[in-house]
Amino acid sequence: MMTALFVMAGIAIVLGAALGFSAIRFRVEGNPLVSKIDAVLPQTQCGQCGYPGCKPYATAIASGEADINKCPPGGEEGIHKLAELLGVEFKPFGEGTQPKAKAVAFIDENVCIGCTLCLQACPVDAIVGAAKQMHTIIAPECTGCELCIAPCPVDCIDMIPLEENIDNWKWRYPVYALTPAQ
Amino acid sequence: MLSSPFITKPSSVSAIMLRVLLALLPAVALYVWYYGPAILVSMTLASLTALGTEAIMLKLRDRPLKPFLSDNTALLTAWLLALSIPPLAPWWLIVVGTAFAISVAKHLYGGMGNNPFNPAMVGYAVLIVSFPVQMTHWLSPLGLGAGLGFGEQLQYIFAGTLPPGITFDAVTMATPLDTLKTQLHLDHAVTQIMQMPIYGYLAGKGSEMVALGFLVGGIYLLFARIITWHIPLAFIGGLLLTAEVFHLVDPAHYVSPLFHVVSGASMIGAFFILTDPVTSPTTPRGKLIFAASAGFITYIIRVFGGYPDGIAFATLLMNIGVPIIDAYTQPKVFGRKKGQP
Amino acid sequence: MSKLYHFHGGVHPPANKTQSTQTPIAQAAMPPRLVIPLHQHAGGTATRPAVKVGDRVLKGQVIGLPEGRISSAVHASTSGTVTAIDLQPVAHPSGLPALCVTLIPDGKDEWIEHHGTDYRELPHADLRHLLRMAGIVGLGGAVFPSDLKLHSGQQRIKTLVLNGAECEPYITCDDMLMRERAAEIVRGAEIMCALLQAEVVLVGIEDNKPQAIATMQQAVATGQHENIRVVAVPTIYPGGGAKQLIRVLTGIEVPYGVRASEMGVQCFNVGTAYSVCRAIAHGEPLLSRIVTITGNVQRPQNFEVLLGTPIAELAAQAGTKPDTTGYIMGGPMMGVPVPSAQAGVIKATNCLIASSPALFPPAPPALPCIRCTRCAEVCPADLQPQELYWFAKARELGKAQEYHLFDCIECGACSYVCPSHIPLVQYYRFAKSEIWAHEQEKNAADLARERHEFRQERLERDKRERAEKLAQKERAAAAAKAAAAAAPPAPAGDSAPPAAPAQPAADPAQALIQAAIERAKAQAALSKPKNTENLTPQQRAEIAEIEARRAKIREIARPDNGQNEGP
Ligand code: SF4
Ligand code: SF4
């Protein structure tokens with residue numbers, strides 16, 4: 001009886017020591033979870049999650065203070081990915097946060113007054129222009145965050161949804177009427 | 001949305017399964033010849049139960065009935081199970097076994113194509129574990145023991161009674177494999193045991209002929225390209241090799257390898273049970289590993305285990321390993337070097 | 001007879017080729033309207049329209065100029081008037097429209113000035129440029145610009161493989177081309193061989209085309225080409241796939257992601273060789289191609305068709321049967337359904353099959369996979385299609401990639417044999433395009449992250465610098481004050497200006513006021529565009545210019561795609 005106890009205790013101590021050692025020996029600098037979460041987030045930098053960018057939101061998720069269903073640009077798929085990464089349940093979007101089709105901003109150059117306010121709002125520097133000059137969006141770099149819309153004093157920025165065309169068309173998931181699977 | 005290819009080869013699951021059923025017929029015929037028509041009764045019972053259970057399960061799972069009831073896979077399970085258990089057994093035995101095979105082993109795991117374990121073998125395992133007595137009384141082959149007419153067999157199956165003056169023991173016996181085991185326990189030498197009346201040319205009288213029937217059917221399947229050579233060959237090879245090693249070491253206690261190959265369920269196992277596509281590996285190398293290991297395990301269970309035959313448990317054991325075997329035996333892809341990811 | 005190699009798998013679908021080889025290649029009638037898409041090559045960027053609506057163009061005139069590296073010119077197939085440059089239905093499985101030039105032929109078929117050259121007298125770079133400007137692309141169906149493939153590059157190309165296998169059922173255009181125009185194919189091969197500096201040319205033709213083999217051999221013998229060999233290869237689908245044919249003829253296996261040229265071989269379709277010959281030796285750009293019309297038509301046969309001929313027009317010449325439900329472009333194994341019969345014939349159109357429910361009955365409902373591995377037995381890429389299917393179906397795209405999804409050549413052999421009638425290839429196509437889209441999203445996200453981080457850094461730096469400047473100024477001011485305290489007193493109010501320089505641009509109040517004023521102005525401006533009468537010509541020009549710029553921006557706004565096609 002005593003031997004068994006000793007053996008158990010011995011094993012516990014050895015394993016504990018090994019764990020403790022490896023925790024110190026193999027410690028990863030920084031918080032890898034944050035960058036892993038950040039890698040899943042769409043990098044729209046729109047702040048719709050309530051944080052000033054994707055990285056801060058990732059940090060908040062990692063520390064447990066934010067939910068995983070706060071990122072509309074990531075869509076349901078994004079939530080699924082986060083749930084999988086963190087090993088938690090999928091959570092649908094709450095009231096008021098709904099994903100939208102991806103769009104890019106477009107500045108109506110006839111109306112633009114060159115105030116540079118949008119320039120300062122763009123989180124990814126996707127707007128070119130200078131004071132009193134007409135501004136233009138670099139479309140491939142626009143993340144569709146809509147942050148430039150509110151500051152514009154003349155409401156000249158529109159979001160143009162990206163439509164499906166021959167180049168970005170995707171093959172659909174096969175659906176057959178009688179397929180018993182699914 | 002339509003997408004290429006627009007033509008398909010005229011083949012279907014039900015056609016394939018139908019041919020497998022056909023391939024079983026020579027063995028069934030020999031079975032009837034040697035043991036009387038009782039097997040036909042149990043096959044019919046099994047078929048009806050299988051279709052009934054399948055229909056109920058499909059309804060419960062909300063799947064269309066027609067494509068699945070006509071795919072013949074349930075029938076195949078039923079026939080394989082009927083051929084694996086003693087024909088002269090109370091009717092409920094085969095009914096319980098088949099119902100379990102179809103409902104639990106097949107449908108609870110996701111239905112056709114998704115079951116990890118061979119349903120017929122699951123049914124067999126359940127029966128042999130639950131009803132060991134009924135499962136070890138096999139009909140004596142033609143010319144041994146007291147013969148029973150068809151009516152008398154039917155009477156026993158459904159009412160459980162035998163004609164007056166005939167005892168159950170007079171019409172049944174243990175399988176040749178079982179007899180061998182018991183006799184060896186009694187310290188009889190193999191050569192001596194082989195002289196017993198229940199043994200024929202190579203193995204059990206009658207049963208060796210049925211095994212031949214399975215072989216014929218199996219060869220048909222090979223030629224019809226319904227199965228590939230890998231599994232039957234590797235299984236028989238594995239079994240032969242293991243048996244040979246033991247036989248060489250001690251011929252007095254370990255019977256010749258050929259005996260094993262034509263005994264028990266070896267042949268039906270090699271060509272019909274292990275080759276079940278759903279529960280066997282898909283890669284050629286995987287098939288070889290799978291079947292050879294099954295052959296080895298079969299031998300071990302037969303010779304050292306407590307069950308009369310080892311095919312069922314060998315199959316189920318190897319079924320567990322299929323995903324791993326598949327994952328580690330992926331073939332080389334066109335243009336890539338061997339072992340390259 | 002050289003040694004032939006073998007590839008794994010393959011199937012033998014019914015060939016259905018004899019129907020369309022009974023009559024020689026006919027010239028298709030001039031249609032009343034040609035619809036010529038401006039993007040007819042694989043991948044890369046579309047060509048830039050080189051004509052305007054209303055222009056009169058001559059036969060062979062460039063109407064789409066190549067842009068970017070992977071591009072190839074598009075020409076007017078006959079003389080006539082451009083009546084529209086707009087989005088039209090095209091022969092693409094998506095059913096989405098693409099930019100096309102609509103041309104009304106004037107019936108004169110008047111050529112632009114053109115002349116042939118002797119390929120031996122031109123440097124290779126010029127020859128390649130000629131091919132690019134002649135719009136020569138792979139005519140086997142892949143339509144990759146040929147000039148890019150006719151490069152010897154770092155690795156020496158030893159073998160040039162000419163693909164005349166034509167393994168797909170129904171298609172006979174290459175067969176007929178070889179029977180009737182073997183000499184020009186051989187000349188084209190000669191030019192290609194020179195461009196690649198290849199040692200041998202192997203022409204692979206499936207042994208179900210004895211006539212084509214004979215004429216090709218004859219042409220080679222007449223031309224006394226010692227380095228060209230015509231080889232009969234076994235008839236098996238997909239033996240005419242570039243990778244498979246290269247394997248059969250040379251024993252070389254070209255893996256996914258590696259160019260054949262890196263392994264010392266290059267493969268072209270015989271039709272491409274023919275058009276290379278026309279382009280170099282006769283100066284004729286690619287204006288027409290041989291198209292097999294077969295299936296549910298009265299007189300299946302091959303036509304020489306002007307590019308842009310509407311499919312319905314062409315089919316009518318072969319006698320459409322009333323129960324025709326649609327057309328398949330390509331063969332029944334790999335072809336694509338044409339979304340609209342009004343779409344024009346393109347460079348990739350090797351065959352059009354009129355389909356009817358009787359000819360191609362819909363497949364029975366798909367049952368679950370029974371893991372029978374028939375698909376794996378026939379897969380020419382040695383894949384395990386059933387595993388790929390499993391992963392694609394479960395949307396486990398990473399796993400599918402691990403099992404070499406991208407090595408799949410979408411030949412359809414697996415779907416063809418599957419007893420459960422699972423549309424396997426469709427699952428693979430779905431998975432592939434999904435993966436590409438993900439990749440693109442990921443790249444975009446990475447770019448955004450990078451730019452965002454850069455911006456954060458820049459803002460930080462600006463702040464720091466400003467703070468430093470401020471501190472400096474304050475220090476200076478303090479020093480000045482200290483000095484002033486010592487020196488005679490300075491006028492009051494002098495301490496405000498030092499902080500000012502950082503202010504004006506950022507002063508929010510000022511900006512807001514400014515904005516308000518501007519808004520008022522802008523409101524007025526906004527209502528103006530409606531007022532389109534009474535504009536001076538100059539204003540009109542301005543508007544047009546702005547519109548053009550907008551169109552350009554929209555063009556840029558379209559995410560770049562289709563770059564995934566490799567050579
Ligand atoms: S052929 Fe069809 S049923 Fe057979 S393994 Fe392949 S996908 Fe599965
Ligand atoms: S379509 Fe792909 S997976 Fe199917 S047989 Fe062809 S190469 Fe193999």
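Bear in mind that the values here come from a model prediction, so they are computed numbers and not experimental data. When reading the values below, keep in mind they use all heavy atoms of this one structure, side chains included, and skip hydrogens, waters and symmetry mates. Naming convention: chains lettered A, B, ... in sequence-line order (proteins, then strands); numbering from 1 in each chain.
- Side chains of C:P337 and B:F6 form a contact here, defined as non-hydrogen atoms less than 4.5 Å apart.
- For B:P10, no part lies under 4.5 angstrom from a heavy atom of chain C.
- The CH2 atom of C:W390 sits 4.5 Å away from atom CG of B:N114, with the distance rounded to the nearest 0.5 Å.
- Proximity to chain C among residues 310-330 of chain B is limited to B:V322, B:D326, B:A327, B:Q330, judged by heavy-atom separations below 4.5 angstrom.
- A 4.5 Å side-chain heavy-atom check between B:K9 and C:V11 finds every atom pair outside the cut-off.
- Heavy-atom distances place the side chain of C:E387, and not its backbone, under 4.5 Å from chain B.
- Side chains of B:T283 and C:Q384: a donor-acceptor N/O pair is absent below 3.5 angstrom, by distance only.
- Counting only heavy atoms from C-beta outward, the side chains of B:P277 and C:R374 never approach each other to under 4.5 Å.
- Taking chain B as the reference chain and counting heavy-atom pairs below 4.5 Å, the highest number among C:P14, C:S420, C:P255 is found for C:P255.
- When heavy atoms are compared at a cutoff of 4.5 Å, C:A376 does not approach chain B at all.
- With a 4.5 Å cut-off on side-chain heavy atoms, C:L367 and B:F68 count as touching.
- The contact between C:V254 and chain B is made entirely by backbone atoms, counting heavy-atom distances below 4.5 Å.
- Only the side chain of C:I328 has a heavy atom closer than 4.5 Å to any heavy atom of chain B.
- Proximity to chain B is absent for every atom of C:P364, based on heavy atoms less than 4.5 angstrom apart.
- In this structure a side-chain-to-backbone donor-acceptor pair under 3.5 Å is present from C:H421 to B:S11.
- With a threshold of 4.5 angstrom between heavy atoms, B:K66 does not approach chain C through any atom at all.
- B:R336 places none of its side-chain heavy atoms less than 4.5 Å from the side chain of C:D382.
- Side-chain N or O atoms of B:S4 include none that pairs as donor or acceptor with a backbone N or O of C:V336 at under 3.5 Å.
- In this structure, C:M334 and B:P5 have side chains that are not in contact, with every pair of non-hydrogen atoms separated by 4.5 Å or more.
- Side-chain contact between B:F334 and C:H8 is absent, with no heavy-atom pair separated by less than 4.5 Å.
- Of the listed residues B:T73, B:T275, B:I226, the one with more heavy-atom pairs under 4.5 angstrom with chain C than any other is B:I226.
- A distance of 8.5 Å separates CE of B:M17 from SG of C:C372, quoted to the nearest 0.5 Å.
- For CZ of B:F296, the number of neighbouring non-hydrogen atoms (other residues, nucleotides, ligands) closer than 6.0 Å is 12 at most.
- At most 12 non-hydrogen atoms from other residues, nucleotides or ligands lie less than 6.0 angstrom from OH of B:Y109.
- A side-chain contact (heavy atoms from CB on, under 4.5 Å) with C:P419 is found for exactly one of B:T8, B:I16, B:D71, namely B:I16.
- Without hydrogens or angle criteria, C:R371 side chain to B:T279 main chain gives no donor-acceptor distance under 3.5 Å.
- Looking at C:P332, both its backbone and its side chain come within 4.5 Å of chain B, counting heavy atoms on both sides.
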